[in-house]
Peer 1: 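Quick one: this structure, given as structure tokens, is what I'll be asking you about.
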Amino acid sequence: MKTESFRMWEKESPLGQGVASYLSAMADRIRTRFLVIGSGVAGLHTAWRASEHGDVFVLTKRSLFDSATAYAQGGIAAALGAGDSAELHRLDTLAAGAALCDAAAVEVLVAEGPQRVRELASLGAKFDLDNAGRLSLGKEAAHSRKRIVHANGDQTGAEVARTLIDRVRNSPNITVLERARALDLIIVNGRCAGVKASVSGRAVEIIADATVLAAGGCGQLYRYTTNPEVATGDGYAIAHRAGARLADMEFVQFHPTALDTPENPLQLISEAVRGEGAILVNDRGQRFMTRRHRLAELAPRDIVAREIFREQQGGSGVYLDARKIARTFARRFPGIFAICRARDIDPRKDRIPVTPAAHYMMGGVMTDLAGRSSIERLYACGEVSCTGVHGANRLASNSLLEGLVFAERVARDIVASPRLARAPRVEPWTVPPLRDRGAAQVAVDSIRQLMWDDAGIDRNSKGLRHCIERLEDIASRLPPGATEEQNMVDTAQLIAEAALMRKESRGGHFRRDFPREKRKWRGKHIEW
Ligand code: SIN
């Protein structure tokens, strides 16, 4: 921990600055202008841009590279190609969102997206180019035009992360605290004044004029997920505890094709592999998607995920057969090729075992177009936010884009945050040590299996009620100090309760007992 860069608020300590006995009994205190919680694309971009106007602290649970961004194989969708337009991108985004998108937010996304992509390129991001030196644009499911910007084939997220981390590391105004977990927001007179955090197990209060929640998603609530281990839903839980408004928590996107191994997280096998011609087959070698949807393997993500899940429920394994594209596979998908080869699978000769997996949360902390939450001085951007651009289902490759576009808007808005007039009083607190690691792990495993079985791809009233009851039981048995596990329970409850309330199927939310969209739910959000 870089203690030398801490700005102590001297007047807070009755004993004066640097009195060790006082500090060990109380939380350390940092004073900064801007605080960013999370280090994915949204957090990094906000930190970099805000740092042009004042000090920024960035909290990251592990290291700067541990985020869903760094894993993203898909690209960034932006209307940059000939024959494409923001209007076409807008229409595709709205269609995917199943009548639940916020029209104004979508307009912002598609209008400002191209500028953010050009900016990243000018910062040094090496996007794939065609022979004429123009951006080489790919096409993904439900996009009407080629508009996906990629880097190194299937490693766009890593390139975006590298570019922004470089900016952050080179900014003298940014201090990064690794192994730093936000525990709870500090709310004074209804305004956010910062966060209580555990930094390498030590209690630290970070007081900020503006706090930005960019804490990522919650895929780790599910037994199978493509999200990194840090994605345990902390942002949703701490915002909810603080009284911020959240919405659309029933809308979890399941990706159809993660590599089916005993690992956590699972490795993604990008939709683009199916886009290039790979097909899905079951144990008997039957291509089942042609019988289930006219677009076969390129049907909307939720439909493909559900059909694979049904094959699995019927006792069959499911495989991606990419042998038809054997010649180009390694060149087009170098990252996926390496992932498979490291597990003794040769996609040129072998079928790739796949399973659906929790991939993305469409709901989250509600924001306006400047990323402001319902709590003054608290902002949200990236996956933890609900800007309204995704509605009930996110269009492929719109998430890195959303992170960039709304982080920029947040950074522009927080600059105008007035300075806190005086140090807020915070009751003394400590980081409770985790007493029983074994019991906490049992709770985590139970939550993940329960959510997969009862609040996953195929939901119904009985399962959701069972899920909610069991979550209460799990919460009551959590050992002292299980703060991350408590966040998992809290976020899981929001998902299960919203899923029980929405008695229809729409986008990523499917109810076997209400398998159709219902007119009366059209445009309606479940808010917390
Ligand atoms: C993929 O490449 O299949 C994932 C892209 C995304 O989730 O946007």
Side-chain angles (χ1 to χ4, degrees), residues 40-42 67-78 89 92-93 96-97 109-110 113 117 127-128 137-143 146-161 216-219 222 224-228 231 251-260 265-278 280 295 297-305 308 320 322 325 329 332-337 339-340 347 352 354-362 382-383 389-405 507-508:
V41 60
S67 70
T69 294
Y71 286 73
Q73 291 175 358
I76 310 176
H89 189 185
D92 292 343
T93 301
L109 179 83
V110 299
V117 173
F127 293 126
D128 296 339
L137 300 171
K139 188 164 175 315
E140 281 177 0
H143 285 275
K146 287 189 165 191
R147 64 167 71 100
I148 316 300
V149 179
H150 286 273
N152 201 9
D154 52 11
Q155 289 155 63
T156 318
E159 182 62 11
V160 170
C218 59
Y222 288 91
Y224 301 102
T225 182
T226 59
N227 289 188
F251 295 110
V252 179
Q253 187 171 77
F254 294 88
H255 196 287
T257 52
L259 185 60
D260 194 2
L266 297 179
Q267 301 287 338
L268 187 70
I269 307 292
S270 173
E271 188 160 87
V273 179
R274 278 172 284 132
E276 294 286 323
L280 288 163
L295 295 173
E297 282 82 4
L298 294 179
R301 219 172 248 192
D302 54 302
I303 294 173
V304 182
I308 295 177
L320 193 59
I325 53 169
F329 197 102
R332 174 66 182 88
F333 304 110
I336 298 172
F337 186 69
I339 286 167
C340 289
I352 307 167
V354 290
T355 179
H359 187 55
Y360 192 84
M361 164 54 88
M362 270 74 74
E383 189 169 349
V389 300
H390 305 308
N393 217 355
R394 178 180 62 91
L395 187 64
S397 291
N398 263 358
S399 44
L400 291 176
L401 182 71
E402 184 203 27
L404 289 167
V405 166

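On a predicted model such as this, the values are computed, not experimentally measured, just so you know. All ligand and atom numbering here is 1-based and tracks the order in the structure.
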Peer 1: Before you tell me yes or no, could you show the steps for Arg301 and His359 under side chain to side chain contact (heavy atoms under 4.5 Å, CB included), namely the whole-Å CA-CA distance, both residues' side-chain angles and the distance that decides it to 0.1 Å?
Peer 2: CA-CA 11 Å; Arg301 219 172 248 192; His359 187 55; 3.7 Å; yes

Peer 1: Provide the number and element of each atom of ligand 1 under 4.0 Å from a heavy atom of Ser397.
Peer 2: 6 (C), 8 (O)

Peer 1: Distance-only, no hydrogens or angles: does the His143 side chain make a donor-acceptor pair with backbone N or O of Ala396 under 3.5 Å?
Peer 2: yes

Peer 1: Once rounded to the nearest 0.5 Å, what's the spacing between atom CG of Leu259 and atom CG of Leu320?
Peer 2: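 It comes to 10.0 Å.
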
Peer 1: Is there any N or O on Gln253 that sits under 3.5 Å from an N or O of ligand 1?
Peer 2: no

Peer 1: What I want to know is whether Gln73 and ligand 1 share at least one N or O pair that is separated by under 3.5 angstrom.
Peer 2: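 Among all N and O atoms of Gln73, none is under 3.5 Å from an N or O of ligand 1.
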
Peer 1: Which of the numbered atoms in ligand 1 are below 4.0 angstrom from a heavy atom of Ala396?
Peer 2: 8 (O)

Peer 1: Using a 4.0 Å cut-off to any heavy atom of Glu271, which atoms of ligand 1 qualify?
Peer 2: 1 (C), 2 (O), 3 (O)

Peer 1: For atom 2 (O) of ligand 1, what is the closest protein heavy atom, and at what distance to 0.1 Å?
Peer 2: Ser270 OG, 2.6 Å

Peer 1: Which protein non-hydrogen atom lies closest to atom 5 (C) of ligand 1, naming both residue and atom, and how far is it?
Peer 2: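 The closest one turns out to be Arg301 NH2, 3.5 Å.
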
Peer 1: Give the numbers and elements of all ligand 1 atoms closer than 4.0 Å to a heavy atom of Arg394.
Peer 2: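 That gives atoms 6 (C), 7 (O), 8 (O) of ligand 1.
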
Peer 1: For ligand 1, is there an N or O atom under 3.5 Å from any N or O atom of His359?
Peer 2: yes

Peer 1: Provide the number and element of each atom of ligand 1 under 4.0 Å from a heavy atom of Gly74.
Peer 2: 2 (O), 5 (C)

Peer 1: At what distance, to the nearest 0.5 angstrom, does CG of Asp154 lie from CD1 of Ile269?
Peer 2: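 Between Asp154 CG and Ile269 CD1, I get 9.5 Å after rounding to 0.5 Å.
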
Peer 1: Give a yes or no on whether the backbone of Ala358 and the side-chain of Thr225 come within a donor-acceptor separation of less than 3.5 Å.
Peer 2: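 Flag set: sc Thr225 to bb Ala358 pair under 3.5 Å.
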
Peer 1: So how far is it from Leu268 CG to Ile336 CD1, rounded to the nearest 0.5 Å?
Peer 2: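 It is 6.5 Å, given to the nearest 0.5 Å.
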
Peer 1: Quick test of your reading of the model: are Asp92 and Arg147 salt-bridged, counting only N-O distances below 4.0 Å?
Peer 2: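 Counted as a salt bridge, because a side-chain N and a carboxylate O are separated by less than 4.0 Å.
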
